[in-house]
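Inspection log for the structure reproduced underneath, given as structure tokens.
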Amino acid sequence: MTKPGMSRRKFLIGSAVGGASILASGYLSFDAWASAKNNVQDIRVTPTLCDGCSNWCAINVFTKGGRIWKAEGIPIAGINQGRVCAKGHALLHEVYNKDRVKSPLKRVGPDRFEPISWEQAYKEIGEKVRTIKEKHGPESLFLVQYPEGNSALTNRFINALGSQNAFSHASTCFLPRNIGWWTTTGYAKPDQDIEHTKLGLFIGRNLGAGLQLRQLSDLSKAKDRGAKFVVVDPRFSEMAAFADQWIQIRPGSDLALTLAIANVIIAENLYQKEFVEKYTEGFDEWADKVKGYTPEWAQQRTDVPTKVIRKLAHDLAEAAPRVFAHRGYHGAMGTQYKNSFQLVRTIGCINGLLGNFNQKGGMFFAPKVKLGKLDPQKYPSPTVPEDPMADGSGDPEKYPLTPVGQGLTHAIPELAIQGKLKAGFVYHNNPLRTCPNPARVIEGYGKLDLLVSFDYVLSETASLAHYILPESYYLERDDVVHTNQSYQSKQISIRQAVIEPLYDTKPMVVILIELAQHLGIGEYFNWTLEDYNQASLAPLGVTLERLKKEGVVDLGGKWKPGEPEFKTPSGKLEFVSSTLKDYNMHPIPEWEETLTSPDPNDPHSFRLIHGKQAHLTHTRSINQEYLKEISVLNDMTRVWIHPVRAKALNIKDGESMIISNAVGKGRATAMVTEGIHKDCVFLPSGYGVFSRNLRTAFGFGISYNDFLPTYFDPMLGHCMSNEIIVRIEKAMT
Amino acid sequence: MPRYGMAIDTTKCIGCHSCRIACQNQNGLDYKETYNWINTRERAYPSFHKEYIPLQCNHCENAPCQSVCPTGATFTSKEGVVLVNPETCVGCGDCVEACPYKMRVVREELGIVDKCGFCIELVRDGGTPPCVTTCPTQVRIFGDLDDPESVISKFIAKTGAQPLQPELGTNPKIFYKRS
């Protein structure tokens, strides 16, 4: 907020004379002004899907005189229920960002680009791909993406080129969570009926920053009804502020807590016996295993008092089956720790003990929409190569459970350095900033013979690319039919252009179709986006015209509580996983140590943990002025440190600290707070942009990836992003 | 005629700032200009807690900003909403200093001082302020304080929500349920 300057005050003295006469008529003239403001002509509303994160919330976007103005949520949308978050509002402005790529570009030197025509770029890329394929085989090609709704088409593209190497960000985000739930229940992402629950337990899941608007809206409704929520986190997260109870836990020890909860529930006979008998497999074996995991055992590892553990177990059991332990995400259940996978399994099993699957207020499996497909007679599909991915994902000998099509994105630099990957296509992703150990990532990506980016700005990765084929911003492009709005009923939605493209950019689907013609795979892209969408909608009885008009169409098929259907090999919830047994992996959830621990005898030694802030998605939103201003105004790049530890290092609130380890070094301002466990410091993610072509964000804050070594979890290969040990010291000014 | 007010339940606020940018867009504000803020307050005892407190113009019944305004640009509408007439505001800044809650904003390019106006033009058209409708956890309730049956009146009666610093005697029309 700017304070008024002296000059304006002086100006007043000369002009205040007329004040009294205006006073009487002030009210009326304001009304006239207000209605004039309302009567601006040419306000148009277009339903579309936000692109601020992977929720793709359904929004109505308003334009005023042809310029993007504001957004409102579409009320029926299952995922956002009429709400829009800060990112959703602010990223509307991004279409006018000064840093946008305005035409296809060719890199002609370090950070030097020249405009190139689409035709010429396609031609040159086509020639290079052909040469690389002939010399190194199609398996040296890869695609890396943050999956969009059209990932079926980007995957089709790389498969048509003969490569299996489609990577997503899974290995730096959610991999253990999805595989843990899948091996336990047969579903990668079960949902919670938050609205009707009595008690919800969130282990490291911070819905207050890793937003999902529907879940937040339901939390609010449940709270009004008297439901209780418990958050377990080393840090007082935004979700902890909403919850009724915050249990501070030593980072990386959530598994011990959950095993002890299971111990109490089983030992005290508090589990839902009928459910366990009817719908689960391997209970006796697991019960035997958890006997040793007493609250006393867990207290030593977690710093959570035994009476808190016992009470939590009792509270959960008492609320059953209208209760859930949340399916989780980052914090503890994503790609954070070596024991994250066992934690997810344990949480899945605790929900089993509580008998809450397909129960009101418990866990449920969202109804799925099945879209139609292109007619294979008219539009042939490429053969999908059967080999495992270059990183060993899908390889029975290496990472059998890591899905092909997701792979290990942070293995790409290694594979490039080894010469196994030669050419890459990067879509809606910025591995140089989102993968661990940036120096190594830069080296690996720098070794590629060809790197093509489809980015709309020159991110760190795009700045290293040989060619940029800029995708139109989401407000400027038509896209495929989505199904992700389906929550408790089946819904379809669609993204469509709100305004014409401002620059020489194209929708991704159009780029793929055109590029395919120059890569010898045109036969697999002999259709238009319209054809594709018509085919998707054909079995659903909804016209494309209607979907575009309404934005979201509800197809019914509402979820109803009843018998649970598990999709595991046994058809039951598997305490003992048959899939894991098949691969000789620990089939029963049990205690596993973290990979690293801070040195308890060194006052400088800390674990570094990280997490999201509600207004940022990865590092791509901090280049947006409205969002950056929130960080600036609230000093949100600060690193949290406990007062006892800070005092030992003579660090006061607001002072500078140096964070370092073998991977990197950085400087941050200390936020001294009891809201963080003594063992760790918390570094908010979303900062540390080092591309000079992102002028708003450049040089603002630091990233946890600057300190994360290149790890591969032995079982799934994920990056273990909380296994960071750093040295903290006071900065000498 | 309704008398508009707002209730804010800080026990539900996660500090996500959706309200801030919804408001900026609705009112065509630059990124540095805002009509609402979120303050945070930590307490250590009896147990650690952090509270997010959304702040904006309190629409006081006895608005100090209005009484000091030399041109009458600040006035109270028929619905009890404290508004600024941009045509008559000369940007002197007296109101900025008079507001005990510091909720007034200088809009440099217009040469005026402005603030939250409960989106009255939208409300008169049957709408609801976007800070209310966009809030993911439904922290805010907007409505008629004079209607005992309104959601806001019932909420205030049930929770005993209080305005900020009632001792100032400004009689704000924003009521807080605090955590």
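The basis for the numbers below is simple: all heavy atoms, side chains too, and nothing from hydrogens, waters or symmetry mates. So that the names make sense, note that chain A is the first sequence line, chain B the second, and so on, each numbered from 1.
For a residue to count as touching a neighbouring chain, one of its non-hydrogen atoms must lie under 4.5 Å from one of that chain's; by this rule B:Thr11 touches chain A with backbone and side chain alike. Only the side chain of A:Trp246 comes within contact range of chain B, with heavy atoms under 4.5 Å apart. For a residue to count as touching a neighbouring chain, one of its non-hydrogen atoms must lie under 4.5 Å from one of that chain's; by this rule A:Asp244 does not touch chain B.
With no hydrogens or angles considered, a side-chain donor-acceptor pair links B:Gln66 and B:Thr76 at under 3.5 Å. Between the side chains of B:Thr10 and B:Arg41, no donor-acceptor pair of N or O atoms lies under 3.5 Å. A:Asp99 and A:Asn623 are linked by a side-chain donor-acceptor pair at a separation below 3.5 angstrom, with hydrogens and angles left out of the test.
Ring to ring, B:Tyr4 and B:His59 are not that close: their centroids are 6.0 angstrom or more apart.
Interface with chain A: from residues 134-162 of chain B, residues B:Thr134, B:Cys135, B:Pro136, B:Thr137, B:Gln138 qualify, criterion being any non-hydrogen pair under 4.5 Å. Listed by sequence position, A:Gly82, A:Arg83, A:Val84, A:Cys85, A:Ala86 are the residues of residues 78-86 of chain A in contact with chain B, using a 4.5 angstrom heavy-atom cutoff.
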Item to complete: Given side chain to side chain donor-acceptor pair (under 3.5 Å), test A:Glu72 with B:Thr133 step by step and report yes or no.
Response: CA-CA 8 Å; A:Glu72 290 176 0; B:Thr133 54; over 6 Å; no
Worksheet item: So B:Arg104 and B:Thr74, side chain to side chain donor-acceptor pair (under 3.5 Å) or not? Walk me through it.
Response: CA-CA 11 Å; B:Arg104 288 202 159 235; B:Thr74 295; 3.0 Å; yes
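Of the listed residues A:Leu92, A:Leu627, A:Asp224, the one with more heavy-atom pairs under 4.5 angstrom with chain B than any other is A:Asp224. With respect to chain A, the highest number of heavy-atom pairs below 4.5 Å among B:Ile14, B:Asp9, B:Leu29 belongs to B:Ile14. Note: A:Ser220 leads A:Ala240, A:Ala614, A:Ser220 in heavy-atom pairs under 4.5 Å with chain B.
Within the 3.5 Å criterion, the main-chain N or O of B:Gln24 finds no donor-acceptor partner in the side chain of B:Tyr31. Side-chain N or O atoms of B:Tyr52 include none that pairs as donor or acceptor with a backbone N or O of A:Glu238 at under 3.5 Å. One N or O on the side chain of A:Gln248 and one on the backbone of A:Ile676 form a donor-acceptor pair closer than 3.5 Å.
A:Phe242 and A:Phe229 have tilted rings, their planes meeting at an angle from 30° to 60° on a 0 to 90° scale.
When all heavy atoms of A:Ile68 and A:Tyr96 are compared, the pair lying nearest together is N-OH, 2.8 Å.
Both tests pass for A:Arg235 against the ring of A:Phe682: distance under 6.0 Å to the centre and angle within 45° of the axis.
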